[in-house]
Amino acid sequence: QVQLVESGGRLVQAGGSLRLSCAVSGRTFSSYRMGWLRLAPWQEREFVAGISRSGGSTYYADSVKGRFTSSRDNAKNTVYLQMNSLKPDDTAVYSCACAVRWSSWSLEGMDVWGKGTLVTVSS
């Protein structure tokens, strides 16, 4: 029943920044841990970032640590991914996801995914 709609993806130059948003349906958003996934051309899907229910704890893959920041606004049922110092390797379709119950910060730990938004980083 949970629906997720990502937005904010676009073409950006290397070194630039983008902020992705994910709007989540329902009135129990604060009950869900949220994550961001990405799928780059010819690569495996990667778990990029996770954020706790309150937003007090976050997780980042080594590939984006120090450059990406996840946050959330539970009053707006929205989770964000701030992406700075973008590299061509960051080019991918980015999806947000929610976890009904905690297991791990991983692809298999997420229960529902959105369809994603395309981020293209030019060199």
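V48 and I51 fall within the same hydrophobic cluster, defined by Ile, Leu, Val, Met, Phe, Trp and Tyr side-chain heavy atoms under 4.5 Å apart, directly or through other members. Linking ILVMFWY side-chain heavy atoms closer than 4.5 Å, directly or via other members, places L81 and V12 in a single hydrophobic cluster. Under a hydrophobic-cluster definition in which Ile, Leu, Val, Met, Phe, Trp and Tyr are linked whenever side-chain heavy atoms come within less than 4.5 Å, directly or via other members, V5 and V119 are assigned to different clusters. Clustering ILVMFWY residues whenever any of their side-chain heavy atoms sit less than 4.5 angstrom apart, transitively, puts V2 in the very cluster that holds V100. Connection of L37 to V93 is not established within any shared hydrophobic cluster, with ILVMFWY side chains joined at heavy-atom distances below 4.5 Å, either directly or through further cluster members.
Residues K65 and Y60 approach most closely at CE-O, 3.5 Å, considering heavy atoms. Considering all non-hydrogen atoms of both residues, R38 and Y94 come closest at NH1-OH, 2.9 Å. Of all heavy-atom pairs spanning A14 and P88, the tightest one is CB-CD, 4.1 Å.
Side chains of V64 and E46 form no contact here, defined as non-hydrogen atoms less than 4.5 Å apart. Residues F68 and L86 form a side-chain contact, since some pair of their non-hydrogen atoms from C-beta on lies under 4.5 Å apart. A 4.5 Å side-chain heavy-atom check between M110 and S95 finds every atom pair outside the cut-off. Considering only heavy atoms from C-beta on, S30 stays 4.5 Å or farther from R53 through its side chain. Looking at heavy atoms from C-beta onward, R67 lies in side-chain contact with D90 at the 4.5 angstrom threshold. Taking 4.5 Å as the limit, some side-chain heavy atom of V79 sits within range of a side-chain heavy atom of S70.
Atom CG of L4 sits about 7.0 Å away from atom OG of S25, to the nearest 0.5 Å. Remark: K76 NZ to S21 OG distance equals 9.5 Å, nearest 0.5 Å. L39 CG to T91 OG1: the interatomic distance, rounded to the nearest 0.5 Å, is 12.0 Å. Rounding to the nearest 0.5 angstrom, the gap separating the CD atom in Q43 from the CG atom in D89 is 7.0 Å. To the nearest 0.5 Å, atoms OG (S104) and CZ (R33) are separated by 11.0 Å. Atom CE of M34 and atom OG of S52 lie 12.0 Å apart (nearest 0.5 Å).
Aromatic ring orientation, F47 versus Y59: tilted (interplanar angle from 30° to 60°).
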Original post:
How far apart are the C-alpha atoms of S7 and T117, what are their side-chain angles, what is the distance that settles it, and do they pass the side chain to side chain contact (heavy atoms under 4.5 Å, CB included) test?
Top reply: CA-CA 6 Å; S7 62; T117 184; 5.6 Å; no
Subject >> side chain to side chain contact (heavy atoms under 4.5 Å, CB included) assessment of F29 paired with T78 >> reply: CA-CA 8 Å; F29 175 67; T78 303; 5.8 Å; no
**OP:** Would you please test M83 and W36 for side chain to side chain contact (heavy atoms under 4.5 Å, CB included) and show each step?
**Re:** CA-CA 12 Å; M83 305 184 295; W36 288 95; over 6 Å; no
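N77 places a side-chain N or O within donor-acceptor distance of the main-chain N or O of V24, the cut-off being under 3.5 Å. Q82 places no side-chain N or O within 3.5 Å of a backbone atom of T69 that could act as its donor or acceptor partner.
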